[in-house]
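So you know, we letter chains A, B, ... as the sequences are listed, proteins then strands, and number each from 1. All values reported here derive from a predicted model rather than from experimental measurement. Only this structure's heavy atoms are used, side chains among them; waters, hydrogens and symmetry mates stay out.
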Number of protein chains: 2
Amino acid sequence: MVTQSDPVAAPYRQRATLRDVAAMAGVSIKTVSRVVNGESGVTPAKVAAVTRAIHQLDYRPNVSASALRRANRRTAVIGMVLEDLANPFSSALLRAVEDTANERQVLILAGSVDEDQGRERTLVRAFSERRVDGLIVAPVGEDQGYLRAEIEAGTPTVFVDRPPQGIRADCVLCDNEGGARTAVHHLADAGHRHVGYLGDLRIIPTAQQRFAGYQRACLERGLPWRPADHAHDLHTVEEATAATVRLLRSADPPTALFASQNLVTIGAIAALQRLGLEGTVALVGFDDFPMADLLKPRVSVIAQDPARMGRVAAELLFQRLDGDRSGPRRTVLPTTTIPRGSGEIRPPSGAR
Amino acid sequence: MVTQSDPVAAPYRQRATLRDVAAMAGVSIKTVSRVVNGESGVTPAKVAAVTRAIHQLDYRPNVSASALRRANRRTAVIGMVLEDLANPFSSALLRAVEDTANERQVLILAGSVDEDQGRERTLVRAFSERRVDGLIVAPVGEDQGYLRAEIEAGTPTVFVDRPPQGIRADCVLCDNEGGARTAVHHLADAGHRHVGYLGDLRIIPTAQQRFAGYQRACLERGLPWRPADHAHDLHTVEEATAATVRLLRSADPPTALFASQNLVTIGAIAALQRLGLEGTVALVGFDDFPMADLLKPRVSVIAQDPARMGRVAAELLFQRLDGDRSGPRRTVLPTTTIPRGSGEIRPPSGAR
DNA sequence: GACTCATCCGACAAGGTTGTCAAACGTGGC
DNA sequence: GCCACGTTTGACAACCTTGTCGGATGAGTC
């Protein structure tokens, strides 16, 4: 790492305010305010004088001061609480919300919580202290009751990805149970009777729902129920790899795998490759990921649509901001099955 | 998509202010202010009364109003202008900056520009109107001179990934030329004499630098210079795939490829797979990507370290905010070569 | 010329907060 | 009981803006 530096320092110039512009244009500050906000009732001559002064001084309105005084108090900023800004799911959500917010000149404050409940609360508090107009929250904690005060104070809040607990509020979810169920049906359709389950932390509601979907499909297809084939609480690629290896080396290993999450799927693939079984053991993952169709075999997935989820959540939030005071709304988005190869591998002919 | 809704609406409760707390605690608002800010000179009895009132009213300080009045004017928010919040490079940068900012209770406003110069400017203006304390900008425009006013007004600005043009300012870059040069040397070491170049939009400075590195290495190793082997201005996976196919189907195709960017690398892989040449034609990509070591062959890359870049940039920004007024600093981070297989494929014995 | 009326404009207060300053209070020494 | 001194406290102004309101101006009508 190379750092170059050269010595210079210029004095800071104060930023111009309405008062400065007014002085230069020879009008009152209220008139400048009128021009800045495009209000009527200013003669063209004064508009021109003010506009000239604004450019000359490079005046920037102070939206914080404006929001403080303005009747509706809007700051034109919304807050987003996400699992991890660096993970593709969170960042796709963020990006979709950004695109929707952008149409309304609204900016986004975003933060990661990393499955830390305390962080979720401090982040919400920090946003609230900045008086964000609204919140979009992918909750990690076991109770979002603390958000009731925010919502009642007029900060609309939409939960995404995971439902809120301890409070009734707007949320946009994915059909986790249905998607997981479909995955197992898909594998059963290919002839598998013995499907392993690889799951995320059980405290996460979505993981619970996906396991419920797996369970339901097993019942529906009469697949044998063997707790030894269920690996739970896998939260990293490494954990998933290790668990997959363990599963496949057991006495009576599954002929197919359902991986309930992104990183878990990747861990499973790494394990399959290590054991040389990627062409033998079927695999369906929940949640699509980049490169899934460049791997060999190409990886079949149950895809969520985080961009759509973000868009729907943002649109709902803005409806609320536009005055929609109807009761809490719960939207469930469907999943899409993408067969690419790995999920269509048939069981070895000897398998029961 | 299923939406459920039920009809309820509660009236909004006004948010408590210093005045409300003061009234409840039976003190002046200034005393409450002192307690909130942990200033000395308040008797324990009053501190207790104020604290009780704060909890009872669920008081949230208004940091915007506070920043307006406070001497240093700090809002404890910084702005980040990035290429695309949804792409892994941008989001890794964002996340690293977040972690550094988090230690100081600073929040982040972030936005995507998508190679749109106009958007870069409107985003910076929007941040400036919110009076962010500092800016971290991955510039796309051809001139960042417009930022001089911001910087002179006391908003420290650090450029990342790409150097600013038209202004001398802090920046944190990656050694693009050196990394590209290393890639070609690596391929030449494996015996290749004929290395194709797949590059991003030539208006992007980093793309220029990487091409310069490619060129330099070709000269150093005496590799033949054939413009027909250079595909420029590839900005999507599809464009890269098409260009790669074209290159490899030409009369005298290269035996190795250097892909100057993430998406371009992925496009090249897709093309190689389509042509069945992934085991025959060597490939080194610039910038690592998830799954690179699960593909077959595993993909050799020149890795940048966006997390480190973000951390270094954030630290520099906070140094500036802490009063460091020394001259503009330019930091260049090294790249790392990660040989995984694709870059070590040897040319077919018949190749010149 | 007196009147109405609409338009344009600025004085003033307010939004939630903090910096300044001086008043009030308590303590200790004589 | 008086004074000096340090601590605690609140009144007030200010930060940058916008909402309210009333005054000034000019045109149009009788």
Side-chain angles (χ1 to χ4, degrees), chain A residues 12 14-51 53-54 57-77 128-133 153-155, chain B residues 12 14-50 53-54 57-77 128-133 153-154:
Chain A
Y12 289 157
Q14 269 287 19
R15 227 181 261 275
T17 71
L18 276 192
R19 186 197 311 284
D20 302 320
V21 176
M24 173 171 277
V27 299
S28 77
I29 57 172
K30 178 67 216 199
T31 298
V32 181
S33 167
R34 276 191 263 258
V35 173
V36 169
N37 293 303
E39 291 172 32
S40 63
V42 185
T43 48
K46 299 218 171 187
V47 172
V50 169
T51 310
I54 285 176
L57 294 170
D58 193 30
Y59 168 73
R60 293 298 151 82
N62 182 329
V63 295
S64 302
S66 169
L68 185 62
R69 186 64 181 85
R70 204 184 281 277
N72 68 16
R73 295 294 174 82
R74 291 286 166 80
T75 53
V77 173
S128 154
E129 292 184 351
R130 264 78 172 191
R131 297 295 186 270
V132 294
D133 292 341
T155 307
Chain B
Y12 290 158
Q14 270 286 19
R15 230 182 259 274
T17 71
L18 274 193
R19 187 197 311 285
D20 303 321
V21 176
M24 173 173 278
V27 298
S28 78
I29 59 170
K30 178 67 216 198
T31 299
V32 180
S33 167
R34 278 190 263 257
V35 172
V36 170
N37 293 305
E39 291 174 32
S40 62
V42 185
T43 48
K46 298 218 170 186
V47 171
V50 169
I54 286 177
L57 294 170
D58 193 29
Y59 168 73
R60 293 299 152 81
N62 182 330
V63 295
S64 303
S66 169
L68 184 63
R69 186 62 181 84
R70 206 184 279 278
N72 69 13
R73 293 298 172 83
R74 292 286 166 82
T75 53
V77 173
S128 153
E129 292 184 351
R130 263 79 173 189
R131 298 293 188 270
V132 294
D133 293 339

Any [X] side-chain heavy atom under 4.5 Å of [Y] side chain:
X: A:Ser64; Y: A:Arg131; value: no
X: A:Glu129; Y: B:Asn62; value: no
X: B:Val36; Y: B:Ile54; value: yes

Inset, instruction - Could you check B:Ala65 against A:Ala67 and say which one's nearest nucleotide on DNA chain D is further toward the 5' end? - result: B:Ala65
Among [options], which is the nearest nucleotide to the side chain of [X]?
X: B:Arg73; options: D:dT17, D:dC16, D:dG10; answer: D:dC16
X: B:Thr17; options: C:dG15, C:dT17, D:dC16; answer: C:dT17
X: A:Ser33; options: D:dT18, C:dT17, D:dT17; answer: D:dT18
X: B:Leu18; options: D:dC15, D:dG10, C:dT18; answer: C:dT18
X: B:Val42; options: D:dT17, D:dG19, D:dT9; answer: D:dT9
X: B:Lys30; options: C:dT17, C:dG10, C:dT18; answer: C:dT18
X: B:Ser28; options: D:dG10, C:dT18, D:dT18; answer: D:dG10
X: B:Tyr59; options: C:dT17, D:dA11, C:dG10; answer: C:dT17
X: A:Arg69; options: D:dC16, C:dG19, C:dA13; answer: C:dA13
X: A:Ser66; options: D:dT17, C:dG10, D:dG19; answer: D:dT17

Can you tell me how far [atom2] of [N] sits from [atom1] of [X], to the nearest Å?
X: B:Lys46; N: C:dC25; atom1: NZ; atom2: P; answer: 11 Å
X: A:Leu68; N: D:dC16; atom1: CG; atom2: P; answer: 12 Å
X: B:Arg19; N: D:dA11; atom1: CZ; atom2: P; answer: 12 Å
X: B:Asn37; N: C:dG16; atom1: CG; atom2: P; answer: 17 Å
X: A:Glu39; N: D:dG19; atom1: CD; atom2: P; answer: 6 Å
X: B:Arg131; N: D:dC15; atom1: CZ; atom2: P; answer: 14 Å
X: A:Arg74; N: D:dG19; atom1: CZ; atom2: P; answer: 14 Å
X: B:Asp20; N: C:dG15; atom1: CG; atom2: C1'; answer: 13 Å

Legend entry - Check: A:Thr17 main-chain N/O paired with A:Asp20 side-chain donor or acceptor under 3.5 Å: yes
Legend entry - Main-chain N/O of A:Arg74 paired to A:Asp133 side chain as donor or acceptor, under 3.5 Å: no
Inset, instruction - Select base, sugar-phosphate, or nothing to describe what B:Val63 touches, counting heavy atoms under 4.0 Å on all strands. - result: nothing
Inset, instruction - Look at all strands and tell whether B:Arg34 reaches a base, only sugar-phosphate, or nothing, counting heavy atoms closer than 4.0 Å. - result: base
